[in-house]
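Chain A is the first sequence line, chain B the second, and so forth, proteins listed ahead of strands; every chain is numbered from 1.
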There are 2 protein chains.
Amino acid sequence: MHAEFYAGPVQTESTRLRLRELILDGHYPPGSRLGEVEVAETLGVSRTPVREAFRALAADGLLAAAGRGLRVVRLDGEELSQVYRVRAALEALTAELAAERQRAGRLAPAELADLAALAERTHRATADGELTLAVRLNRGFHRRIAELAANQVALHALDRLWDQIQVSTLRSLRPPARTALVDAQHRELLDAITAGDPAAAAAAARRHVLDTRAADGTAADDKE
Amino acid sequence: MHAEFYAGPVQTESTRLRLRELILDGHYPPGSRLGEVEVAETLGVSRTPVREAFRALAADGLLAAAGRGLRVVRLDGEELSQVYRVRAALEALTAELAAERQRAGRLAPAELADLAALAERTHRATADGELTLAVRLNRGFHRRIAELAANQVALHALDRLWDQIQVSTLRSLRPPARTALVDAQHRELLDAITAGDPAAAAAAARRHVLDTRAADGTAADDKE
DNA sequence: CGCACGTTCGTTGCATGCAATGCATGCAGA
DNA sequence: TCTGCATGCATTGCATGCAACGAACGTGCG
């Protein structure tokens, strides 16, 4: 494909990001097959950057080989449960680290205020039934904690897990029944970090993630 | 490059694996720059599968962008420490899961015997000064536990972390001073799993990894 | 009528060509 | 001598061509 005005040399990384967005948005639903040509035409690039994006996203666990070609990963209940157990372990770690940093006085008050604001906005969006926004804000809340933990490795590993979970739970935009519980657990986690109590923060994060697993896990039993 | 006898269509995945081996073996040391053409000629393939392998290995955290092109990742002390904290959290999880499965009677006696044999062989190789073998067996011991945990997600995440650690600690093949401690901790971990005690297994695994971090971390202070 | 085999088409695997970028080197001027 | 710029080179970014694999389909035979 020709571009009238050649956009520049960094097409391949942007291709990866744009394709990832399409997958996370549900444009390519879980289980759907991805063809090089079709994706290349959709994104307006040639097959080469698409193939490279395929490899990177496959390494990130978003795409999986399916005989000929690749498919968007579709986790069954057991696999999703495994993802959640790993996520629980990692979020327990990030919460613990964030609380440690708070105890050591290395967190700015503004950072904690931001986190609290995120929790509040998440709660409001959920209560208002803005499900898509609520999902994004919820992920933002958890991600902010991982950022406060100041551990790039944990943050990157969690990003990959969140991506996998987001793809696999796209269909079942959650029944907002647990709204009160989620908000209470978010506050508990926030309070533990604010108090600089690593053990409490780790325990709260672990419990919250495992509770979420229970909710999403049952919801994921909707067969396609 | 031309191959007299065309080897088959699955060159790209094998390229990724062979390049990974070269990096883990130290053929391309940490920090060294990887050129598409040079690697392609070394492996006897064209630049295309090499580029795809680059993307996949970069997503796995083995390669990192460095201005023009890619370099083998070189973790500084702080980053390595972060990797170890994540590894500790994940190995605590896998040890816990393995112990849970043992308690539930889902581990075959032969599996535990294999694990014990691995611990013993690791100990002997270390005592004999067979450092390269010892490193491989040690990784095998930890990996076997992750396999017994039956959590593919944790296993894959750990594989990536082990790769990063292996690359970054290649130079400093460890002073076998901690031999006795390592062996004792391996036995403690093994015993906790055998006893079906998840909490003890998790604690033993976490402590062991963090102790290893302390050893490798100081060793990694050897500047190149 | 069913099964098996062959053919064809679509898709991917890989190689290579061309263009553009960025770095290094050397020259000129202050 | 140092700084600034221009030019050349090495290397990557991307596109496309060609060949092989595999799947779907149709046909012929049992």
Side-chain angles (χ1 to χ4, degrees), chain A residues 1-23 27-29 31-60 62-74, chain B residues 1-23 27-74:
Chain A
M1 163 163 282
H2 296 282
E4 292 292 337
F5 300 100
Y6 195 86
V10 195
Q11 218 70 320
T12 185
E13 179 65 6
S14 112
T15 297
R16 184 181 77 82
L17 293 175
R18 287 197 292 159
L19 180 55
R20 171 175 172 274
E21 284 304 318
L22 288 177
I23 294 170
H27 185 279
Y28 293 109
S32 62
R33 197 173 173 297
L34 267 72
E36 296 177 2
V37 177
E38 191 256 336
V39 172
E41 287 175 354
T42 299
L43 297 182
V45 297
S46 81
R47 289 168 51 212
T48 304
V50 170
R51 285 173 62 85
E52 294 177 14
F54 278 6
R55 303 298 177 198
L57 292 175
D60 279 344
L62 270 186
L63 303 178
R68 193 83 166 164
L70 296 171
R71 310 184 84 87
V72 177
V73 72
R74 168 201 297 270
Chain B
M1 163 163 281
H2 296 285
E4 293 290 338
F5 301 99
Y6 195 85
V10 193
Q11 218 72 321
T12 187
E13 179 65 7
S14 113
T15 297
R16 185 181 75 82
L17 293 176
R18 287 197 293 158
L19 180 56
R20 172 175 171 273
E21 284 303 317
L22 288 177
I23 295 170
H27 185 277
Y28 293 109
S32 61
R33 198 174 171 296
L34 266 69
E36 298 178 0
V37 178
E38 191 256 336
V39 172
E41 287 175 355
T42 298
L43 297 182
V45 296
S46 81
R47 289 168 52 214
T48 305
V50 170
R51 284 173 64 84
E52 295 177 13
F54 279 6
R55 304 298 177 199
L57 292 174
D60 279 345
L62 271 186
L63 302 179
R68 192 83 165 166
L70 296 172
R71 309 183 84 88
V72 177
V73 73
R74 170 200 296 270

Do the side-chain N or O atoms of B/Arg55 get closer than 4.0 angstrom to the phosphate oxygens (OP1, OP2) of D/dG13?
-> yes

Would A/Tyr28 and A/Leu63 count as a side chain to side chain contact (heavy atoms under 4.5 Å, CB included) if you check the C-alpha gap in whole Å, the side-chain angles of each, and the deciding distance to 0.1 Å?
-> CA-CA 11 Å; A/Tyr28 293 109; A/Leu63 303 178; over 6 Å; no

Nearest-Å distance, CZ (A/Arg47) to C1' (C/dA15)?
-> 12 Å

Under 4.0 Å between a side-chain N or O of A/Thr48 and OP1 or OP2 of D/dC14?
-> no

Dump every N/O contact between nucleotides 8-11 of chain C and the protein below 3.5 Å, one line per pair.
{"residue": "C/dT11", "atom": "O2", "partner": "A/Arg68", "partner atom": "NH2", "Å": "2.8"}

Say you draw a straight line from CG of B/Asp60 to CG of A/Asp60; how long is it, rounded to the nearest 0.5 Å?
-> 8.0 Å

Rounded to whole Å, CD of A/Glu13 lies from C1' of C/dT21 at a distance of 17 Å

Donor-acceptor contact present, side-chain B/Arg74 to main-chain B/Pro30, <3.5 Å = yes

May I ask you to evaluate whether A/Arg51 reaches the phosphate of C/dT12, defined as a side-chain N or O under 4.0 Å from OP1 or OP2?
-> no

Is it true that A/Glu13 and A/Arg16 make a salt bridge, defined as a side-chain N closer than 4.0 Å to a carboxylate O?
-> yes

Using whole Å, report how far CD of A/Glu52 lies from P of D/dG13.
-> 7 Å

Tell me: CG of B/Leu43 to P of C/dA15, nearest whole Å?
-> 11 Å

side-chain contact (heavy atoms from CB on, under 4.5 Å) involving A/Arg20 - partner list, sequence neighbours excluded | A/Leu24, A/Leu57, A/Leu62, A/Arg139, A/Asp163

Nearest non-hydrogen partners of B/Arg33 and B/Gly69, listed with the distance = NH2-CA, 4.0 Å

